[in-house]
*Asks:* 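Attaching a single structure in structure tokens format; questions to follow.
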Amino acid sequence: MLKLTTTRSITRLSQLYNVPAATYKLKGSASLSNVRFYSPPAAGVKLDDNFSLETHTDIQAAAKAQASARASASGTTPDAVVASGSTAMSHAYQENTGFGTRPIYLDMQATTPTDPRVLDTILKFYTGLYGNPHSNTHSYGWETNTAVENARAHVAKMINADPKEIIFTSGATESNNMVLKGVPRFYKKTKKHLITTRTEHKCVLEAARAMMKEGFEVTFLNVNDQGLIDLKELEAAIRPDTCLVSVMAVNNEIGVIQPIKEIGALCRKNKIYFHTDAAQAYGKIPMDVNEMNIDLLSISSHKIYGPKGIGAIYVRRRPRVRIEPLLSGGGQERGLRSGTLAPPLVAGFGEAARLMKKEFDNDQAHIKRLSDKLVNGLLSAEHTTLNGSPDHRYPGCINVSFAYVEGESLLMALRDIALSSGSACTSASLEPSYVLHALGKDDALAHSSIRFGIGRFSTEEEVDYVVKAVADRVKFLRELSPLWEMVQEGIDLNSIKWSGH
Ligand SMILES: Cc1ncc(COP(=O)(O)O)c(C=O)c1O
Ligand code: FES
């Protein structure tokens, strides 16, 4: 009954990596056959496994085709199938979520779809393997503990860490808070200063601001127009009382990769702890905590096709980094993170990490190929620019500005594609992106930016569809825009004095 979720993804995996689907046969936990994610089709109606692959590029045609297939199987008319409410559409895309058929998913920086192999690993921890991994007096505890330690080893291996240096948390937000608050609090007698950047994720920025309220001083480094920090500026910011430098590895809005190895070397030379938020980097670009002199590194499972609500922090043991824990309690996770671990999530995260390592080369090649295609397609329209460094970037995160188009209107016009605006316009704040501002983009350009995310399960058909859809709708929206009309007439918009706003 995992049919649509699992079979579809497996079909895709086998197509992507050009291997027989059998390679991806689930290990077949006994529980799998009992799991139902959607109501089964009426007797005698056979759903085509691959069908949903087509539905999200041409929803209506797909719905009609599916309705007519079902109609002939059940001896009614396609219209009757559609009218019955049990239509095609409710089964068309993965599990029945109650939201009908959903758009193409291109918001991989927000989160990634769960890999079916991860799901297969997780399920048995919700059924048979329910022991508390911290119980050490019986086999229920031991068996779960073995799985937890196995997962820890997989998480560590991806970044060349020792499993003992991995502490499980609820996600990268918690990991970042643990570091930004826990390190300065521990060393507060002698150290009063932190360094980070203007383009960090909100959770780092807000945690740093919270420390300012506790009396610490924070330097927020600028970035250049490509989104990169200046190592000289970093060096100049270092003080004798600096305890921590926190610079993210891959930016979540623009995909820019900071010079992590160089920053690590500089911090080591000055005996300052170096933390990197690797929520968007772990498993996606090569990261080695020893080679890069990283002392602390944040990881999020749901960005690597694993479950949500779990992540980790890597904490170096030699030289040892001390942290004041955020939570008081039973002292689990080397005393740094009290609370009973969630074995289903830990095991799923471990499997996701194992797969990131195992499939690193495949994923890289696949994502790079689709990314190049998407970037070339999107940039072929005039007045369209790629934000962030073209050379130091993770190809799966593409942020493009479409001048003379309001990002919000474009997102509305692209409702068949799940995307996020570079600006915060989908959130309540309606402020343009602080990251694009930090790169020196003006409000107008920051407002017309959209982020496209490509992942392991993205397909070429999806990219083709998106390129065409964006081109058509940008053209359409520009034709409605008085600014665009002026640009076409050769009027220099900068020469105009606007009144009011
Ligand atoms: C760079 C970065 N840091 C931190 C986070 C927060 O991660 P989590 O959802 O695991 O708390 C995210 C996810 O949005 C992110 O992209
Ligand atoms: S693009 Fe949404 S507020 Fe400007």
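First listed ligand is number 1; within each ligand, the first listed atom is number 1. All values below were derived from every heavy atom in this structure, side-chain atoms included, with hydrogens, water molecules and symmetry-related copies excluded. Just so you know, residue 1 is the first one in the sequence shown, and it goes up from there.
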*Asks:* Provide, to 0.1 Å, the distance between atom 11 (O) of ligand 1 and the closest protein heavy atom, together with that atom's residue and name.
*Replies:*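 Scanning the protein heavy atoms, the shortest distance from atom 11 (O) of ligand 1 goes to Thr173 OG1, 2.6 Å.
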
*Asks:* Indicate whether any N or O donor in one side chain lies under 3.5 Å from an N or O acceptor in the other, for Asn251 and Tyr394.
*Replies:*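 No pair is found: no donor N or O on one side chain lies under 3.5 Å from an acceptor on the other.
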
*Asks:* Whether the Ser298 and Asp277 side chains hold a donor-acceptor pair (N or O, under 3.5 Å, no angle test) is what I'd like checked.
*Replies:*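 No, because no side-chain N or O of Ser298 sits under 3.5 Å from a partner of the opposite role on Asp277.
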
*Asks:* Could you say whether the N/O atoms of Ser300 and ligand 1 ever approach to under 3.5 Å?
*Replies:*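 So ligand 1 has an N or O lying under 3.5 Å from an N or O of Ser300.
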
*Asks:* To which protein heavy atom is atom 3 (N) of ligand 1 closest, and what is the distance rounded to 0.1 Å?
*Replies:*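 Result: Asp277 OD2, 2.6 Å.
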
*Asks:* Which protein heavy atom lies closest to atom 14 (O) of ligand 1, and at what distance to 0.1 Å?
*Replies:*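 Heavy-atom neighbour on the protein nearest atom 14 (O) of ligand 1: Lys303 NZ, 2.7 Å.
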
*Asks:* Determine whether the side chains of His302 and Thr112 contain a donor N or O and an acceptor N or O closer than 3.5 Å.
*Replies:*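 Result is no, nothing qualifies.
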
*Asks:* Determine, for Tyr305 and Arg456, whether the Lys NZ or Arg CZ falls below 6.0 Å from the six-membered ring centre while staying within 45 degrees of the axis.
*Replies:*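 Checked: cation-pi criterion met.
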
*Asks:* Considering only heavy atoms of Met248, which atoms of ligand 1 have at least one such atom less than 4.0 Å away?
*Replies:*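 Listed by number with element: 1 (C).
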
*Asks:* Nearest protein heavy atom to atom 15 (C) of ligand 1, by residue and atom, and its distance?
*Replies:*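 For atom 15 (C) of ligand 1, the nearest protein heavy atom comes out as His201 CD2, 3.3 Å.
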
*Asks:* Can Arg316 and Asn290 be counted as having a side-chain donor-acceptor contact under 3.5 angstrom?
*Replies:*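 There is such a pair between these side chains.
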
*Asks:* Which part of Glu174 is near ligand 1, with near meaning a heavy atom under 4.0 Å away: side chain, backbone, both or neither?
*Replies:*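 Neither part.
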
*Asks:* Among all protein heavy atoms, pick out the one at the shortest distance from atom 16 (O) of ligand 1; state its residue, atom name and that distance to 0.1 Å.
*Replies:*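 Ranking protein heavy atoms by distance from atom 16 (O) of ligand 1, first comes Gln280 NE2, 2.7 Å.
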
*Asks:* With no hydrogens and no angle check, just 3.5 Å: does a side-chain donor-acceptor pair link Asp443 and His437?
*Replies:*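 Judged by distance alone, the side chains do pair up.
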
*Asks:* Looking at Ala172, which atoms of ligand 1 are within less than 4.0 Å of one of its heavy atoms?
*Replies:*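 Within the 4.0 Å cut-off of Ala172, ligand 1 contributes 4 (C), 5 (C), 6 (C), 7 (O), 8 (P), 10 (O), 11 (O).
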
*Asks:* Does the side chain of His447 come under 3.5 Å of the side chain of Glu406 through a donor N or O and an acceptor N or O?
*Replies:*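 Present: a donor and an acceptor within the cut-off.
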
*Asks:* Give the atom numbers and elements of ligand 1 that come within less than 4.0 Å of a heavy atom of His302.
*Replies:*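 Selected atoms, number and element: 8 (P), 9 (O), 10 (O).
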
